[in-house]
Every structure is written in structure tokens, then in C-alpha cells.
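Single-structure report; data block below.
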Amino acid sequence: MPVLVMKFGGTSVATLDRIRRAAKRVGVEVAKGYDVIVIVSAMSGKTNELVGWVNETSPLHDAREYDAVVSSGENVTAGLMALTLQEMDIPARSWQGWQVPVRTTSAHSAARIEEIPPANIMAKFAEGMKVAVVAGFQGVSPEGRITTLGRGGSDTTAVAFAAAFEAERCDIYTDVDGVYTTDPRVEAKARKLDKIAFEEMLELASLGAKVLQTRSVELAMRYKVKLRVLSSFEEQSDDAGTLVCDEEEIMESNVVAGVAFSRDEAKMTLVSVADRPGIAATIFTALSEAGVNVDMIVQNISEEGRTDMTWSCPVDQVKRAEKAMSDALADGVINFSEMLADTNVAKVSVVGIGMRSHTGVAAKMFQVLSNEGINIQVITTSEIKISVLIDRKYMELAVQALHDAFELDKAA
Ligand code: ADP
Ligand code: ASP
Ligand code: MG
């Protein structure tokens with residue numbers, strides 16, 4: 001039998017009614033003759049609640065116990081989904097990650113899937129079971145401890161299962177009916193895309209579009225998984241939603257495919273750093289050893305042997321970065337007069353593979369922001385994206401103005 005992977009996100013399993021609705025969708029695919037692997041998230045809000053409990057109990061918690069707690073939301077929905085399917089006379093059972101097993105690295109709260117042996121589930125399919133319901137977001141480390149894959153990780157579980165079982169397709173059911181030119185919650189004129197290239201989706205995801213976890217897109221690209229995003233709230237035809245595919249499969253596309261944004265950014269500056277060879281290496285090695293993920297970097301022109309060094313990093317890593325820099329100062333490894341942290345910034349990015357062959361996108365982006373009176377604090381570019389750091393209060397305005405200026409509401 002061909003295998004199909006269907007993933008249901010938090011809002012799609014938020015109540016027993018919604019689980020029933022999702023189970024009906026699964027029933028439609030079973031009736032077509034598929035063996036189905038269903039990956040479920042926790043009910044929406046549950047994971048946030050669990051994270052809150054952990055932080056309240058132990059602010060500097062043991063990461064292994066964090067994973068033991070926050071992975072539990074998925075266990076509940078996996079069991080409930082299996083029961084719902086059984087009530088519909090569809091042979092189904094649930095699996096937690098360790099039972100499959102979903103083998104991961106030991107990087108607790110950000111583990112990577114290393115292997116999913118299909119034998120256990122395939123044996124059940126051979127016995128006549130039609131649906132394997134698997135708890136998303138979780139796995140087991142080589143030490144035998146429960147791990148989680150980072151927020152939004154059920155998408156990655158789904159794609160990894162599709163690759164391991166050579167599934168015909170991986171369908172990601174969520175609360176929007178596909179991938180849009182930007183988050184439809186911020187720009188009402190956002191347009192649903194029928195297809196988007198892997199590379200564009202990868203950039204959009206890593207720049208903040210949380211509709212797919214970045215790692216899931218990486219895996220789909222590497223293992224050539226046919227990946228589709230669609231709504232769990234509407235009746236679906238076979239070509240519904242958005243297909244994430246190779247760029248060769250897309251006939252026409254805009255130079256800019258989409259606008260992404262992230263509110264979870266902070267800007268940090270070391271003022272008046274002694275400018276000498278090796279200073280950047282020293283600062284960024286210390287930050288990396290402290291587990292700080294630096295994104296954008298600017299070094300000012302130096303004056304009288306002193307310079308300012310600015311970078312951006314996730315807002316929840318500011319405390320760690322401050323400690324690493326204060327320690328380095330105390331140890332005499334670096335020397336600066338002041339450390340600043342601005343947590344009121346946001347990153348806005350335009351993404352499109354058309355930028356490889358078209359010039360002028362950056363100039364236009366900067367002009368649009370300037371017309372709105374928005375000051376750009378930091379800029380970074382790559383072959384297919386341009387990102388700017390701006391004051392967070394202008395984020396929505398910037399997204400809407402860029403969406404308008406690049407005419408993303410119109411198809412190519
Ligand atoms: P799930 O719980 O199903 O995993 P998520 O909340 O993780 O759902 O992801 C879906 C959300 O992603 C949408 O509700 C939407 O607000 C947001 N989103 C951000 N950028 C985009 C985009 N470009 N296209 C579609 N949705 C987007
Ligand atoms: N429940 C987890 C989260 O909220 C994983 C997921 O939904 O993908 O991050
Ligand atoms: Mg998600």
C-alpha cells in the first residue's frame with residue numbers, strides 16, 4: 001500500500017470536535033487505499049502552558065526535564081486521535097516518539113532526528129492496521145532520554161516520517177489554507193501561493209514565517225519529499241493548498257516571493273571596543289560558546305583605535321550574551337566602555353530567487369521604508385533575501401508597505 005503522511009497542528013486538534021474533524025479527513029485518505037501515518041501536535045496553547053510551568057518551577061532548568069514535561073502535550077493528542085479513529089472503525093494505534101523509535105541527537109529542546117526505523121510501524125500495517133498515529137515534536141536520545149525538536153517541531157517529525165517511509169506525500173494541515181506572500185494575519189491582501197520553491201520557503205521559514213519549521217523544509221529539500229500545506233478547516237480537493245517544490249516546477253514567479261518578519265529579535269552593541277586584529281573573533285567565539293545565535297553583524301569604522309560592534313540575536317538570549325561579554329571584560333580578553341541591549345526591534349525581510357538575476361530590489365526596499373519614515377538600523381543580504389532591523393513599532397507598517405510596493409497581491 002502507498003503511504004501518506006498527514007500532520008495536524010495545534011489549532012487543528014484544539015478540541016475533541018476538531019480531532020473528530022481531522023480524523024474524518026484521515027478516513028477519506030484511508031478510503032482511497034493509503035496506509036496513513038498521522039503526526040499530531042499538542043492541543044493549541046498546551047505547549048506554551050507546559051513551558052510556563054517549567055520556567056516557573058525552575059528558571060535555569062535541567063534541559064532533560066524540560067523535554068520530559070513539554071513533550072507530553074503530544075502524547076495526549078496521539079492517544080485521543082487513535083481512539084477517535086477506532087470509534088470510526090478505522091484500525092489505528094498511537095506511538096510516542098521513543099516507541100517507534102524516533103532516534104535523535106542529545107541536544108535537548110533542539111534535537112535533530114537521526115534515524116526512524118520503519119520496521120515496527122510497517123509490521124502493523126502488514127497486519128491490517130490502517131493508521132499509525134505518532135506524537136510529533138519528540139524523540140529519544142542515545143542516552144535513552146526524551147528529547148524535543150524545538151518549537152514547531154511536529155512539522156519536522158512529519159517530513160522525517162515521509163522520508164523514512166518513502167511516503168507519496170506529506171500533507172501539513174494547519175489553520176491557514178497554504179503558504180501566503182506574507183502572514184495573512186498582518187497583511188489582509190496577502191495572496192496564497194499555489195507553489196513555492198524549497199529555497200524560498202527555507203528562507204521565509206528561517207526569517208520568521210512560522211507556517212513551517214525551518215528544519216522540516218531542509219529535510220524535504222534533501223530527501224525530495226512532496227510537501228503540501230493546507231487547511232484542516234475546509235473541504236479539500238487534491239490540488240488544494242500550497243505545494244513546496246523544486247524551482248524548476250514553477251513556471252512564473254515574482255522577483256520577490258514573500259515578506260517575512262520576526263519580533264523575537266534584539267540588537268546588542270559594545271561601545272568603544274579596542275580595535276585590533278582578532279577582536280571580532282574573540283567576541284563572537286565567546287558568544288557562540290555561550291550558545292548565542294548571532295544573526296546580523298555590523299562593525300563601525302574605527303576612530304583612534306576604538307570601534308562599536310553591533311549584532312542581533314534572539315531576544316531570549318540577551319541575558320546569556322550579556323553574561324558572556326561581562327565575563328570576557330572581567331577576564332581582560334576584550335575591552336569596551338559600555339554594553340547596550342535594545343529589545344524593541346524587529347527584523348523584516350524580502351525573499352525571492354528572482355533576486356539572483358534582478359538588480360534594484362534592495363534599493364526599492366530601502367526607498368519604501370524611507371517613504372514611510374522608518375529608520376533602518378542594520379542590514380544583511382544573501383543571494384535571495386534582504387533583511388533589515390527596524391523599530392518594532394513599525395513592523396506591521398513595513399510589512400504592508402513592502403507587500404504593496406512589490407505588488408505581491410498580484411500573481412506574476
Ligand atoms: P500549526 O499549529 O498548525 O503548526 P502554526 O501557528 O505553527 O500552525 O503556523 C501557522 C501560522 O503561520 C498561520 O496561522 C499564520 O499566522 C502564520 N504564518 C506566518 N507566515 C505565513 C505565511 N507566509 N503564510 C501562511 N501562514 C503564515
Ligand atoms: N507543540 C509543539 C509547539 O507548540 C510542536 C508543534 O506544534 O509543532 O512548539
Ligand atoms: Mg507550527
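Below, each value reflects all heavy atoms present in this structure, side chains not excepted, and no hydrogens, waters or symmetry copies.
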query: Among Asp391, Asp264, Asp295, whose salt bridge (charged side-chain N to carboxylate O under 4.0 Å, His left out) with Lys347 holds?
result: Asp295
field: Given Asn75, Asp67, Thr148, the one that forms side chain to side chain donor-acceptor pair (under 3.5 Å) with Gln138
entry: Asn75
field: side chain to side chain contact (heavy atoms under 4.5 Å, CB included) between Phe161 and Val102, intermediate numbers included
entry: CA-CA 9 Å; Phe161 270 82; Val102 177; 3.8 Å; yes
field: Distance (rounded to the nearest 0.5 Å) between Ser94 OG and Met81 CE
entry: 11.5 Å
- prompt: Can Lys323 and Asp327 be said to form a salt bridge (Lys or Arg N to Asp or Glu O under 4.0 Å), step by step?
  reply: CA-CA 6 Å; Lys323 179 166 187 321; Asp327 289 352; 2.9 Å; yes
field: Pairwise distance OH(Tyr66) to CG(Leu50) - rounded to 0.5 angstrom
entry: 9.0 Å
- request: Answer yes or no: is there a donor N or O on one side and an acceptor on the other, between the side chain of Arg18 and the main chain of Thr11, under 3.5 Å?
  value: yes
message: Looking at Glu143, I want to see if its CD is surrounded by more than 12 non-hydrogen atoms of other residues, nucleotides or ligands under 6.0 Å.
response: yes
- prompt: Looking at side-chain heavy atoms only, is the closest gap between Leu219 and Arg215 below 4.5 Å?
  reply: yes
- request: Heavy atoms only: give me the nearest Glu29-Tyr173 pair and the separation to one decimal.
  value: OE2-OH, 4.3 Å
message: Under the criterion side chain to side chain contact (heavy atoms under 4.5 Å, CB included), I'd like the reasoning laid out for Val51 against Arg151: C-alpha separation, chi angles, the key distance, then a yes or no.
response: CA-CA 11 Å; Val51 169; Arg151 298 306 305 271; 4.1 Å; yes
- request: Could you walk me through whether Asp404 and Gln400 pass the side-chain hydrogen bond (donor to acceptor under 3.5 Å, both in side chains) test, one step at a time?
  value: CA-CA 6 Å; Asp404 259 358; Gln400 290 158 0; over 6 Å; no
query: Within a strict 4.5 Å, meaning less than it, do heavy atoms of the Phe125 and Ile37 side chains meet?
result: yes
- prompt: Do side-chain atoms of Arg228 reach the backbone of Arg169 as a donor and acceptor pair under 3.5 angstrom?
  reply: no
query: Taking everything shown except Glu114 itself, do over 12 heavy atoms lie less than 6.0 Å from its CD?
result: yes
field: Option passing side-chain contact (heavy atoms from CB on, under 4.5 Å) with Asp35 (candidates Met1, Lys124, Met129)
entry: Met1
- line: When every non-hydrogen atom of Cys313 is compared with those of Val318, the smallest separation belongs to SG-CG2, 4.4 Å
field: Evaluation steps, side chain to side chain contact (heavy atoms under 4.5 Å, CB included), between Arg112 and Thr156
entry: CA-CA 9 Å; Arg112 289 165 83 93; Thr156 301; over 6 Å; no
Closest contact, heavy atoms only, Leu212 versus Asp155: CA-OD2, 3.4 Å
query: For the residue pair Ser141 and Thr105, what are the closest heavy atoms and their distance?
result: CB-O, 4.0 Å
query: How long is the gap from CD1 on Ile390 to CG on Asn344, to the nearest 0.5 Å?
result: 12.0 Å
message: Could you measure the distance from the NZ atom of Lys267 to the CG atom of Asp342? Nearest 0.5 Å is fine.
response: 5.5 Å
message: Looking at Lys226, I'd like to know if its NZ atom is crowded, meaning that more than 12 non-hydrogen atoms belonging to other residues, nucleotides or ligands lie closer than 6.0 Å.
response: no
message: Quick one: does any side-chain atom of Lys46 pair with a main-chain N or O of Gly10 as donor and acceptor, under 3.5 Å?
response: no
message: Any side-chain to backbone donor/acceptor pair from Asn120 onto Val100? Under 3.5 Å, distance only.
response: yes
- request: Determine, stepwise, if the pair Thr307 / Ile301 fulfils side chain to side chain contact (heavy atoms under 4.5 Å, CB included).
  value: CA-CA 6 Å; Thr307 185; Ile301 293 175; over 6 Å; no
message: Please check this pair: side chain of Lys130 against backbone of Val36, looking for a donor-acceptor N/O pair closer than 3.5 Å.
response: no
task: Anything under 30° is parallel, anything over 60° is perpendicular, the rest tilted; go ahead and classify Trp311 against Phe284.
output: perpendicular
message: With heavy-atom distances below 4.5 Å as the criterion, would you say the side chains of Val294 and Val292 are in contact?
response: yes
- request: Check whether any side-chain N or O of Glu200 sits under 3.5 Å from a backbone N or O of Ile353 as a donor-acceptor pair, and report yes or no.
  value: yes
message: Can you confirm whether Thr77 sits close enough to Phe8 that some side-chain heavy atom of one is under 4.5 Å from a side-chain heavy atom of the other?
response: no
task: Rounded to the nearest 0.5 Å, what's the gap from CG on Leu204 to OG1 on Thr214? Could you check?
output: 10.0 Å
- prompt: Nearest heavy-atom pair of Gln86 and Ala92: which atoms, and what distance?
  reply: NE2-O, 2.9 Å
Heavy-atom closest contact (Lys385 atom, Thr380 atom, distance): CE-OG1, 4.1 Å
query: Going through the distances and angles, do Arg145 and Glu65 end up as a salt bridge (Lys or Arg N to Asp or Glu O under 4.0 Å)?
result: CA-CA 9 Å; Arg145 301 296 302 260; Glu65 300 306 344; 3.0 Å; yes
field: More than 12 heavy atoms of other groups within 6.0 Å of Glu166 CD
entry: no
query: Distance-only, no hydrogens or angles: does the Ser216 side chain make a donor-acceptor pair with backbone N or O of Val159 under 3.5 Å?
result: no
- request: Mark yes or no for whether Glu203, through its side chain, and Ser382, through its backbone, hold a donor-acceptor pair below 3.5 Å.
  value: no
- prompt: So how far is it from His61 NE2 to Trp53 CH2, rounded to the nearest 0.5 Å?
  reply: 15.5 Å
field: Close side-chain approach of Pro184 to Val176, heavy-atom, < 4.5 Å
entry: yes
field: Min side-chain heavy-atom separation Asp246-Phe198 under 4.5 Å
entry: yes
message: Please check this pair: side chain of Glu265 against backbone of Pro314, looking for a donor-acceptor N/O pair closer than 3.5 Å.
response: no
query: In this structure, are over 12 heavy atoms from other groups packed under 6.0 Å from Trp95 atom CH2?
result: yes
- request: Please confirm whether the backbone N or O of Glu383 pairs with a side-chain atom of Arg356, one donor and one acceptor, at under 3.5 Å?
  value: no
message: If you count heavy atoms of other groups shown closer than 6.0 angstrom to OH of Tyr394, is the number above 12?
response: no
statement: From the list Glu407, Lys410, His403, Arg191, side chain to side chain donor-acceptor pair (under 3.5 Å) with Thr181 holds only for His403
message: Go through it in stages, so that I can follow the logic: the residues are Glu168 and Lys32, the test is salt bridge (Lys or Arg N to Asp or Glu O under 4.0 Å), and I'd like the CA-CA distance, side-chain angles, deciding distance and then a yes or no.
response: CA-CA 13 Å; Glu168 197 169 293; Lys32 289 182 194 162; over 6 Å; no
